[in-house]
Amino acid sequence: MPELPEVEVVRSGLAPAVTGAMIAGVTVLDERALTRHPGPAAGFEARLTGRTVQAAGRRGKFLWLALEPEGDTSAPATEAVVGHLGMSGQLLLRPAGAAPERHERIRLDIHHPVHGELAIVFADQRTFGSLAIDELIPTPDAAPGGHGWGEASVPRQVSHIARDPLDPAFSDTRLRSLLARKDSAIKRVLLDQTVVSGVGNIYADEALWAARIHPETPAKALSTRAVNRLLAEIRAVLEKALAEGGTSFDAQYVNVNGQAGYFAHSLNAYGRTGQPCPRCGRPIVRVSFMNRSSHYCPRCQRMRMPRPLRAA
DNA sequence: ACACTGCCCTGAAGGC
DNA sequence: TGCCTTCAGGGCAGTG
């Protein structure tokens, strides 16, 4: 289940191999991997072949390979290959001509001036992930579009997604004011990528546990102090997971070399139903919530309403 | 305009 | 043993 740390591990693993590399060949094995690409697979292959990759960027759970403009290579990039790993997508770096991966959907054969011939394989069991060629459009705040991408542009398909909490241009103020207006449960709001990006079910549960906030607390009921604590814990859990190479449960998430991360050993709430809370010892509870699971400690994460709401 | 539900998909795991 | 159901859940179209 790739969230920000897992996607960043993929991006940073890909970056040295793809930056400056020429896409020599494109093979689409399954068109479902192009659901977000406008137009047929043949067009995807034709438009990418011969292009050079300028950089590998990421915002939240989306990543993209910016393409050097054809002709004037000093001009700013106007197009990118946007990728989302969905539930089970993998981007793997393989030697040229490597045997097909299980669930391989798309292969890019690349030629790098230093590293030579390589293959980038997009494999995806559940086919929620996709690649697409997309236009790069200016960022409204004129800050760089994402991590690893210094230009003030972002793929159109990513432009409605909020910056992620590790982005230097992330606005804490904007988040506080959005939360103050939302009646929805804080967990639901954390999963809304237009509010804050990069957080999925695992890290939402972990950050709420660390901040001692009940997942069903209405967002607007959180005090400023609680919101600040939550934001700090979101950043802490994302950074820790990143340092450990991401979380893996079922070998669906792996880095570009096919290796799993170690963060699963560090989880305090997610997936620990019935096991003691590391803080207080009470068993972690699992509840079904918006077609997902929420895991929390019923003692440490009690619902607290401020006076104005309790009166109603 | 916002809040929320349902759907897409495959394979592993559990129940009977 | 084997079939059937359930579960995993990100993002977005569609509904209210």
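Chain letters run A, B, ... following the sequence lines, proteins first, then strands; residues in each count from 1. This one's a predicted model, so the numbers in the text were calculated from it and none came from an experiment.
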query = Across the strands shown, which category fits A/R188 at heavy-atom distances under 4.0 angstrom: base, sugar-phosphate, nothing?
reply = base
Rounded to whole Å, CD of A/Q125 lies from C1' of B/dA12 at a distance of 8 Å
In terms of heavy-atom contacts, A/L85 and A/Q90 come closest through CD2-N, 4.1 Å
task = Measure from NZ or CZ of A/R11 to the centre of the six-membered ring of A/W149 and say whether it is under 6.0 Å with the direction within 45° of the ring axis.
result = no
Axis-to-axis angle across the helix from B/dC2-C/dG16 to B/dC16-C/dG2, five pairs each end, nearest 10 degrees, ~ 50°
inquiry  = Looking at B/dA3, I'd like to know if its phosphate oxygens (OP1 or OP2) sit under 4.0 Å from a side-chain N or O belonging to A/K182.
reply    = yes
From CZ of A/R181 across to C1' of B/dA3 the rounded distance in Å is 14 Å
*N or O in side chain of A/R32 less than 4.0 angstrom from B/dT10 OP1/OP2*: yes
task = May I ask you to check whether A/N268 and A/R279 show a side-chain donor-acceptor distance below 3.5 Å?
result = no
Short side-chain to backbone donor-acceptor contact, A/R59 and A/G145, under 3.5 Å: yes
At less than 4.0 Å, is any side-chain N or O atom of A/S184 found next to OP1 or OP2 of B/dC4? Yes or no.
yes
>> Main chain of A/R272, side chain of A/H295: is a donor-acceptor contact present, judged purely on distance under 3.5 Å?
In response: no
- Does A/S197 reach the main-chain N or O of A/Q193 with its side chain, forming a donor-acceptor pair under 3.5 Å? no
Between A/E68 and A/R51, does any side-chain N to carboxylate O distance fall below 4.0 Å? no
*asked:* Looking at C/dA8, I'd like to know if its phosphate oxygens (OP1 or OP2) sit under 4.0 Å from a side-chain N or O belonging to A/R286.
replied: yes
- N or O in side chain of A/H103 less than 4.0 angstrom from B/dC9 OP1/OP2: no
- prompt: Between A/T19 and A/V53, is any pair of side-chain heavy atoms under 4.5 Å apart?
  reply: no
Separation of B/dG11 atom P from A/E101 atom CD, nearest Å, is 15 Å
Taken to the nearest whole Å, CD/A/E104 to P/B/dT10 is 17 Å
Separation of B/dC9 atom P from A/E31 atom CD, nearest Å, is 14 Å
Nearest heavy-atom contact between A/R282 and A/C297 is CB-SG, 4.3 Å
Rounded to whole Å, the CG-C1' distance (A/D124 to B/dC8) equals 12 Å
Once base and sugar-phosphate atoms are separated, protein heavy atoms under 4.0 Å mark nucleotides 9-16 of chain C, 5' to 3', with B, S and - as BBSS----
